[in-house]
Amino acid sequence: PFLDPELDVSQWLGRFEVESRDAYAGRRSVLAACKIKPGSVVADVGAGTGFYSRLFADAVGQDGWVFAVDISSRFLEHINHQAVADRVGNITSVLGTHDSLRLPPGSVDVAFVCDTYHHFEYPQSTLASIYRALKPGGTLVVIDFERIPGESREFIIGHVRAGKEVFQAEIFDAGFRFVEEIKIPTFKENYFLRF
């Protein structure tokens, strides 16, 4: 549905930016755990409605930059409109593809993928794109849903293509090194991994 040129962004605002969603309710703790420094360049991969892009824009300050990357032109239009309305001048929207961020090599300090990794149709090529975009020593943060048969909600079992271990293996295969898993106090269904 994200590729629909008639996508109703307001419908997704009601799903993405609600306190009942782990990633939204825990946004301040997630931001702190990302350790974004002023002057950094962040890629918000699968930016959606852009609420993390806006948080990152504030965190990186005037000397930093945020690339809001998504495959949905409608989401990017919304992010651009919101940035203008909020007078945020350090966000650039980037129309990615199913297998590439379409960012320059060595351009990003932190790549942030929240509730989006499970949508990657071509994880190896997408991860290669992320790896290329990161500066030496750059960080990849992945937040996604715990998918545990017999424990996770049926929606997650049917919606998320694999569990954390499979995703970690894919990320290792792409050349990343696991750093840590951080417990976000408000998370009930999500996990936070740093590579």
Transitive ILVMFWY side-chain link Y191 to I157, under 4.5 Å: no
Quick one: closest heavy-atom pair of F195 and V179, and the distance? C-CG2, 3.9 Å
Contacts of H159 meeting ring-ring contact (aromatic ring centres under 6.0 Å, His included) (sequence neighbours excluded), chain-then-number -> H118, H119, F155
Under 6.0 Å from the CD atom of Q62, do we count more than 12 heavy atoms belonging to anything else shown? no
Between F56 and V110, is a side chain to side chain contact (heavy atoms under 4.5 Å, CB included) present by the stated rule, with each step listed? CA-CA 10 Å; F56 293 143; V110 178; over 6 Å; no
Taking the side chain as every heavy atom from C-beta outward, state whether D22 and F145 have any atom pair closer than 4.5 Å. no
Give a yes or no on this: more than 12 heavy atoms of other residues, nucleotides or ligands lie within 6.0 Å of atom CZ of R161. yes
Is there a side-chain contact between N190 and I184 in this structure, where contact means two heavy atoms from C-beta onward sitting under 4.5 Å apart? no
Taking all atoms of both residues into account, what is the closest heavy-atom pair of I91 and S53, and its distance? CD1-O, 3.8 Å
State, yes or no, whether a side-chain contact exists between E170 and Q124 at a heavy-atom distance under 4.5 Å. yes
L101 and F67: side chain to side chain contact (heavy atoms under 4.5 Å, CB included), yes or no, with the steps? CA-CA 10 Å; L101 303 190; F67 292 109; over 6 Å; no
Would a hydrophobic clustering, with Ile, Leu, Val, Met, Phe, Trp and Tyr connected at side-chain separations under 4.5 Å, put F51 with V84? no
Might you confirm whether atom CZ of F178 has over 12 heavy atoms from other residues, nucleotides or ligands at distances under 6.0 Å? yes
Quick one: pull up CD1 in I148 and CD in E189 and give me the separation to the nearest 0.5 Å. 10.5 Å
Where L76 and S93 come nearest, the two heavy atoms and their spacing: CD2-CB, 3.6 Å
Path from F172 to F120 over hydrophobic side-chain contacts below 4.5 Å: yes
Do the charged groups of D109 and K135 touch, with an N to O distance under 4.0 Å? yes
Using a 4.5 Å cut-off on heavy atoms from C-beta on, say whether the side chain of I36 contacts that of F112. no
Among V41, L103, V108, find the residue that satisfies the side-chain contact (heavy atoms from CB on, under 4.5 Å) test when tested with L134. V108
Do C34 and F192 make a side-chain contact, defined as non-hydrogen atoms from C-beta onward lying under 4.5 Å apart? yes
Checking the side chain of S40 only, and the main-chain atoms of P38 only, is there a donor and an acceptor separated by less than 3.5 Å? no
With distance as the sole test, does D44 use its side chain to make a donor-acceptor pair with the main-chain N or O of A68 at under 3.5 Å? no
Assess the residue pair R147 and V166 against the criterion (side chain to side chain contact (heavy atoms under 4.5 Å, CB included)); give the C-alpha distance rounded to whole Å, side-chain angles, the decisive distance to 0.1 Å, and a yes or no. CA-CA 10 Å; R147 185 187 189 277; V166 170; over 6 Å; no
Counting N and O atoms only, with roles assigned by atom type, does the side chain of R194 sit under 3.5 Å from a partner on the main chain of A33, one being a donor and the other an acceptor? yes
Here the pair of heavy atoms bringing Y52 nearest to R27 is OH-CA, 3.3 Å
Side-chain heavy-atom pair Y117, P123 within 4.5 angstrom cut-off: yes
Please examine the side chains of V113 and I130, heavy atoms only from C-beta on, and report whether any two atoms are closer than 4.5 Å. yes
Can you tell me if N90 uses its side chain to pair, donor with acceptor, with the backbone of G61 under 3.5 Å? yes
Check against side chain to side chain contact (heavy atoms under 4.5 Å, CB included), E151 and E146: CA-CA 9 Å; E151 290 183 32; E146 289 280 11; over 6 Å; no
Point-to-point distance, once rounded to the nearest 0.5 Å, from CD of Q168 to CG of D173: 12.0 Å
Atom pair CG/CG of D144 and D115 - distance to nearest 0.5 Å: 6.0 Å
Which atom of Y131 lies closest to which atom of G175, heavy atoms considered: CE1-O, 3.5 Å
Residues passing the salt bridge (Lys or Arg N to Asp or Glu O under 4.0 Å) test with E77, sequence neighbours excluded, are R74
Taken to the nearest 0.5 Å, the spacing of L193 CG from I171 CD1 works out to 6.5 Å
Do S100 side-chain atoms and T97 backbone N/O form a donor-acceptor pair below 3.5 Å? no
Below 4.5 Å, heavy atoms only, C-beta onward: do V160 and F167 meet side chain to side chain? yes
Considering all heavy atoms of both residues, which atom of R102 and which atom of S129 are nearest to each other, and what is their separation? N-OG, 4.1 Å
Atom CD of E121 and atom OG1 of T126: how far apart are they, to the nearest 0.5 Å? 9.0 Å
